[in-house]
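Some notes on the structure that comes next.
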Amino acid sequence: MSFVRDKFSAKFFLFFAIAFILIHVPIIGNYVKIINTLIHETGHAIIALFGGKVETISLFMNSEGATISDQSTWLGSFFTSLAGYTFASFMAFLSFLLLRRKKVILLIDILLAFIFLNLIFWVRNPYGIFWLFSFACAFLFLLIKGSKGVRDHLLLLIAAILLVDSLQSTYEILFLSVLQPQASGDAANLAQLTGFLPAAFWGLFFFLQALWFCFYGFKRGYYKVGV
């Protein structure tokens, strides 16, 4: 038990459980999960900019997203397809790292940068614009009007949602890559690009990297938050 207490806090377990329940609540769950979708699609977009251009990003009511980019090279297409799930897993890890190190303002700046970058340059579908605008307004209102406790708990909840959904979404893509490889999104794209590596390989890769980021956060003690 002392080992668990050294690596986790009770508050982490509480917010992890709240996040897990919240993302499975009808309608509300899809709305809050889009924060992870936003980061996933932003990961695609950032890498796409190194070898091409980003046309649009769409965020949908069912919590799915799509990035349309123009790539001039095979390598650019490969790393762009690879970036979504890995960037989302990294951001979940980074969120807890920043919370553990009391870098709350930096985490706020990063989240707001993602929101406004997408709102200004990339997202053009009606629901995507609605989500970005409504989330930004609610987020800013709570940050400005809320107490330090409200701010810290809000950011911890967002970090927990990112962690839970990064694990769940990669498990789902692994499941799809095995049973319906053609419908497995980024895993299917990578299978098409590599040819000799099937979608199931990439589905497993995405799931394992999410587990690795989760484990590394645990190993470093970043889940001992709120203490």
Side-chain angles (χ1 to χ4, degrees), residues 1 3-42 59-65 85 87-112 114-115 130-132 134-173 175 207 210-227:
M1 290 299 293
F3 174 73
V4 173
R5 287 194 297 269
D6 287 342
K7 298 297 184 181
F8 296 100
S9 65
K11 188 170 283 188
F12 168 80
F13 283 113
L14 175 61
F15 275 78
F16 188 90
I18 292 171
F20 181 83
I21 294 168
L22 191 60
I23 68 173
H24 291 92
V25 174
I27 302 176
I28 295 173
N30 284 341
Y31 181 85
V32 299
K33 283 169 65 177
I34 292 182
I35 186 63
N36 187 61
T37 306
L38 172 70
I39 291 172
H40 176 112
E41 301 303 335
T42 302
L59 304 172
F60 302 114
M61 194 178 294
N62 64 355
S63 81
E64 294 181 359
Y85 288 106
F87 190 65
S89 298
F90 169 73
M91 270 306 302
F93 166 82
L94 181 64
S95 296
F96 278 101
L97 183 158
L98 294 175
L99 289 174
R100 179 62 175 149
R101 294 186 177 179
K102 311 297 183 184
K103 303 289 186 180
V104 174
I105 301 302
L106 179 56
L107 179 56
I108 292 170
D109 289 342
I110 291 170
L111 293 173
L112 287 175
F114 287 153
I115 291 170
F130 160 77
W131 186 90
L132 288 167
S134 63
F135 192 89
C137 287
F139 189 52
L140 286 169
F141 177 80
L142 289 171
L143 290 174
I144 294 168
K145 295 294 186 180
S147 64
K148 180 181 181 298
V150 170
R151 181 198 70 187
D152 292 350
H153 285 103
L154 173 64
L155 291 169
L156 179 54
L157 179 60
I158 290 173
I161 290 169
L162 292 176
L163 180 61
V164 171
D165 202 36
S166 69
L167 292 168
Q168 178 174 288
S169 61
T170 53
Y171 173 77
E172 289 171 353
I173 205 69
F175 186 80
F207 184 56
L211 288 178
W212 184 85
F213 275 114
C214 185
F215 172 77
Y216 191 64
F218 155 77
K219 184 178 178 182
R220 300 291 295 178
Y222 295 150
Y223 302 142
K224 196 174 176 64
V225 289
V227 294

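Since we're looking at a predicted model, the values are computed, not measured. Heavy atoms only: backbone and side chains are in, while hydrogens, waters and symmetry mates are out.
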If you apply the rule side-chain contact (heavy atoms from CB on, under 4.5 Å), what do you find for D152 with L156, and how did you get there? CA-CA 6 Å; D152 292 350; L156 179 54; over 6 Å; no
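- Remark: the backbone N or O of K224 is paired with a side-chain donor or acceptor of R100 at under 3.5 angstrom.
- The only option from F93, F96, F215 that meets the ring pair (Phe, Tyr, Trp, His ring centres under 6.0 Å) definition with Y222 turns out to be F93.
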Derivation of the side-chain contact (heavy atoms from CB on, under 4.5 Å) call for I108 and R151: CA-CA 10 Å; I108 292 170; R151 181 198 70 187; 3.9 Å; yes
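- You'll find the side chain of F139 reaches within 4.5 Å of the side chain of I158, heavy atoms only.
- Proximity of a side-chain donor or acceptor of Y223 to a complementary backbone N or O of C214 within less than 3.5 Å is detected.
- A donor-acceptor pair under 3.5 Å is absent between the side-chain atoms of S166 and the main chain of A88, judged by distance alone.
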Run the side-chain contact (heavy atoms from CB on, under 4.5 Å) check on F135 and L38 step by step: do they pass? CA-CA 11 Å; F135 192 89; L38 172 70; over 6 Å; no
Yes or no on side-chain contact (heavy atoms from CB on, under 4.5 Å) for M91 and I110, after CA distance, side-chain angles and deciding distance? CA-CA 10 Å; M91 270 306 302; I110 291 170; 3.9 Å; yes
Please tabulate, one pair per line, all N/O donor-acceptor pairs under 3.5 Å involving side-chain atoms of residues 10-30, not counting sequence neighbours.
unit_1 : atom_1 : unit_2 : atom_2 : d
K11    : NZ     : H153   : NE2    : 3.1
H24    : ND1    : F20    : O      : 2.6
H24    : NE2    : Q168   : OE1    : 2.9

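- Of all heavy-atom pairs spanning V32 and I35, the tightest one is O-CG2, 2.9 Å.
- Taken from CG in L143 to CG in L112, the straight-line distance is 7.0 Å, to the nearest 0.5 Å.
- The distance from atom NZ of K145 to atom CG of L140, rounded to the nearest 0.5 Å, is 12.5 Å.
- Taking Y31 as the reference, S134 meet the side-chain hydrogen bond (donor to acceptor under 3.5 Å, both in side chains) condition, with sequence neighbours excluded.
- For OH of Y171, the number of neighbouring non-hydrogen atoms (other residues, nucleotides, ligands) closer than 6.0 Å is 12 at most.
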